[in-house]
Engineer: 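One structure, as structure tokens, below. Some questions next.
Starting from 1, each residue takes its place in the sequence as its number. What you see is a predicted model; the values in this text were computed from it and never measured.
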Amino acid sequence: MKPQNFEERLIWYPMVGTYVLYVSGLLYIVNSTIAWILLFYLCVKLWYQKPDTPAEEKIKIPWIIWLWIICMLVMVVGGYIGSINSGQDIRSIIRGVLNWTREWALFALFPLAGCCLKIRPQLIYRAVCILCLQSLFVIPISVGAYLLKIPNLIYSSPLERITQNGQMYFDVVLYFKEADFGEGFRLTLFAPWSPALALLAVMYFFFALQEKTQKWRWIGIIASLIISYLTAARTSIVCFPTVAILMWLFTNFYRPYTQILCSATCFISGISSSFIIGLYRDFEDKFVSSRQGSSRVRSVLTRMALERFKDAPIWGHSQPEKGFVGTANMPIGSHHNWVGLLFIKGLVGFFAFLIPITSTFLYLLVIAQKSEIARAALSFILILMVFSFAENLDLLAYLYYPGLILMGIAFQSQPKHLTFKSESFQSVYMN
């Protein structure tokens, strides 16, 4: 598996060279810049496209991509207005716009590149498996460093001065340890924090399932499970079974045995609701008590953000606010994508993300009935939805951008025989 054109090389080499970029302090800058290079390359191809260009070579942008582009533009305009309303100076406003180019803009640019350029999904699957193999060699180094009590921070790259969006994106660390995590440690590898790595591990797992070569498939599956376990992220514990069950249900819901099983499950759940509620409460108590400090901080951040949201409900406060001791110095507006959007971007930003991601989910849900690529992209969207209740998704787009590219590839993979007509759906159902 080797890249065959410019766009594939631009994706392949940064992915398989992730650890090189991480150690050199370039990971954040390079990954977020790739999207704009691909946009420039796409614009060049559009410029040279002629009326007599063969239909299969013409670049066509579907409506779902335009929806992402428009909504992400709304996001930056809303952020600008929120900055003005909050009385911020011109330096803060410019920094906010620049951060948009490295965060929210990636949600439109990477799917655009995946949809309009020639990028094979198999290339992404193989690159993910190679990265997982590399991680299997790095993990013992991290564990050994912790056991030998070597300081976790190796060095901080001075390149942070270029972006000025947080030193943690440029810190090269061996492991991460929290005060409320006892004697254990948490794996971070090339991610800025452990839950971010857990999101990547879950994504890698479902992408590795699509790898055709058995050797690489098993490497990706085993490595992603190990990575997820060592991150000790509670969200990944919930995400794995949730996404697996929903993927099976969503891709088989038109089959009679699935509908019969769902009906039986609803019936049994109804007559044993008290028992199920009890199990859920026990699980919730154990889930919260396993990391009481983290749960308390997240609860405080959520309450404060929702309370402060009332001060600027339309356009938001434009940026997170510095935390205090009660929030473990975590900024208000963090640790929850939807609450963070309400606080930082207001209702405008909230719906500017809710509308395209919901539309994407429904779009992929339909074409996933006949497309394997759409199934992989649908699993990625479900992963984002689960982690959106624990992470600010925009801050990590530079890491899970392969999923955004795959999402764009899926947009152009709709089978020609799959339509939204009832007759076609009935024929699929009967077959």
Side-chain angles (χ1 to χ4, degrees), residues 1-5 7-8 11-12 15 56 60 62 64-65 110-132 200-225 239-255 257-258 357 359-386 400-420 424-425 427-431:
M1 182 66 65
K2 295 182 179 180
Q4 297 179 349
N5 51 44
E7 50 265 47
E8 288 192 346
I11 294 169
W12 171 266
M15 284 188 68
E56 62 274 9
K60 299 178 181 179
I64 191 71
I65 294 290
F110 278 123
L112 175 64
C115 183
C116 299
L117 298 177
K118 294 181 179 179
I119 303 172
R120 293 169 295 162
Q122 294 80 9
L123 190 85
I124 295 177
Y125 303 149
R126 179 62 58 83
V128 162
C129 293
I130 293 176
L131 184 55
C132 286
L200 296 177
V202 181
M203 182 185 75
Y204 293 165
F205 174 83
F206 285 96
F207 284 6
L209 291 176
Q210 305 298 321
E211 171 61 45
K212 300 301 182 182
T213 304
Q214 186 176 8
K215 177 187 70 175
W216 285 112
R217 181 168 64 249
W218 280 109
I219 289 174
I221 291 173
I222 294 173
S224 59
L225 290 174
C239 193
F240 270 112
T242 300
V243 174
I245 294 172
L246 290 178
M247 281 300 300
W248 177 84
L249 181 63
F250 289 154
T251 55
N252 294 280
F253 68 91
Y254 60 86
R255 300 185 184 278
Y257 70 83
T258 304
I357 197 170
S359 301
T360 299
F361 167 74
L362 295 175
Y363 187 91
L364 292 175
L365 179 62
V366 174
I367 64 177
Q369 310 307 315
K370 288 292 183 178
S371 171
E372 291 185 1
I373 302 174
R375 293 190 192 104
L378 180 60
S379 67
F380 169 71
I381 288 295
L382 291 174
I383 293 168
L384 289 189
M385 289 181 172
V386 173
Y400 57 72
Y401 75 91
L404 296 174
I405 294 175
L406 188 70
M407 189 172 74
I409 297 174
F411 290 155
Q412 66 175 353
S413 67
Q414 178 174 339
K416 295 181 179 179
H417 60 277
L418 180 64
T419 66
F420 294 90
S424 175
F425 184 81
S427 64
V428 171
Y429 180 91
M430 296 303 293
N431 292 332

Engineer: Before giving the answer on side-chain contact (heavy atoms from CB on, under 4.5 Å), spell out for L131 and M15 the whole-Å C-alpha distance, their side-chain angles and the decisive distance to 0.1 Å.
Structural biologist: CA-CA 7 Å; L131 184 55; M15 284 188 68; 5.6 Å; no
Engineer: Calculate, to the nearest 0.5 Å, the distance between atoms CG and CG belonging to L117 and L112 respectively.
Structural biologist: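 It comes to 7.5 Å.
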Engineer: Got T213 and R126 here, is their nearest side-chain heavy-atom distance under 4.5 Å?
Structural biologist: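 Yes; the side chains approach each other to less than 4.5 Å.
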Engineer: Just by distance, do the side chain of S371 and the backbone of A374 share a donor-acceptor pair under 3.5 Å?
Structural biologist: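 Indeed, once roles are kept as given, a pair shorter than 3.5 Å links the two residues.
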Engineer: With heavy-atom distances below 4.5 Å as the criterion, would you say the side chains of W216 and Y125 are in contact?
Structural biologist: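 When only atoms from C-beta onward are counted, Y125 and W216 do not touch, as no gap falls below 4.5 Å.
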Engineer: Output the distance between atom CD (E8) and atom CG (L123), rounded to the nearest 0.5 Å.
Structural biologist: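 E8 atom CD to L123 atom CG measures 5.0 Å (nearest 0.5 Å).
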Engineer: Start with the C-alpha gap between Q4 and W12, add the side-chain angles, then the distance that decides, and say whether side-chain contact (heavy atoms from CB on, under 4.5 Å) holds.
Structural biologist: CA-CA 10 Å; Q4 297 179 349; W12 171 266; over 6 Å; no
Engineer: Are C239 and I383 side-chain neighbours, meaning at least one heavy-atom pair lies under 4.5 Å?
Structural biologist: yes
Engineer: List the steps, then state whether side-chain contact (heavy atoms from CB on, under 4.5 Å) holds for I64 with S359.
Structural biologist: CA-CA 8 Å; I64 191 71; S359 301; 3.9 Å; yes
Engineer: Is M247 close to L378 at the side-chain level, that is, under 4.5 Å between some pair of heavy atoms?
Structural biologist: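 Yes; the side chains approach each other to less than 4.5 Å.
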Engineer: If only atom types and distance count, is the side chain of R217 paired as donor or acceptor with the main-chain N or O of L209 below 3.5 Å?
Structural biologist: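 Absent.
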Engineer: Mind checking whether P121 and Q210 have side chains closer than 4.5 Å, heavy atoms only?
Structural biologist: no
Engineer: Can you tell me if R375 uses its side chain to pair, donor with acceptor, with the backbone of A368 under 3.5 Å?
Structural biologist: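 Present.
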Engineer: Under 4.0 Å between a Lys/Arg side-chain N and an Asp/Glu carboxylate O for R120 and E7?
Structural biologist: no
Engineer: Would you check if I124 and I409 make a side-chain contact, meaning some heavy-atom pair closer than 4.5 Å?
Structural biologist: yes
Engineer: Considering residues, nucleotides and ligands other than W218, do more than 12 of their heavy atoms fall under 6.0 Å from its CH2?
Structural biologist: no
Engineer: Would F240 and F205 count as a close aromatic pair, with their ring centres under 6.0 Å?
Structural biologist: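 Ring-ring flag for F240/F205: true, centres closer than 6.0 Å.
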Engineer: Whether the side chain of Q369 engages the backbone of L365 through a donor-acceptor N/O pair (distance < 3.5 Å, no angle test) should be reported.
Structural biologist: yes
Engineer: Less than 4.5 Å apart, side chain to side chain, heavy atoms only: is that true for M407 and Y363?
Structural biologist: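 No - every pair of side-chain heavy atoms lies 4.5 Å or more apart.
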Engineer: A quick test of your reading: do over 12 heavy atoms of other residues, nucleotides or ligands sit less than 6.0 Å from CD of E372?
Structural biologist: no
Engineer: To the nearest 0.5 angstrom, please state how far the CD1 atom of I405 sits from the CD1 atom of I119.
Structural biologist: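 Atom-to-atom, I405:CD1 and I119:CD1 are 5.0 Å apart.
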Engineer: To the nearest 0.5 angstrom, please state how far the NZ atom of K60 sits from the CD atom of Q412.
Structural biologist: 11.5 Å
Engineer: Is there a side-chain contact between N252 and W248 (heavy atoms, below 4.5 Å)?
Structural biologist: yes
Engineer: How long is the gap from CZ on F207 to OG on S379, to the nearest 0.5 Å?
Structural biologist: 6.0 Å
Engineer: Nearest 0.5 Å, what's the CD1-CG distance between I373 and L406?
Structural biologist: 7.0 Å
Engineer: Decide side-chain contact (heavy atoms from CB on, under 4.5 Å) for L382 and F250; before the verdict, give the C-alpha distance in whole Å, the side-chain angles of both, and the deciding distance to 0.1 Å.
Structural biologist: CA-CA 11 Å; L382 291 174; F250 289 154; 4.1 Å; yes
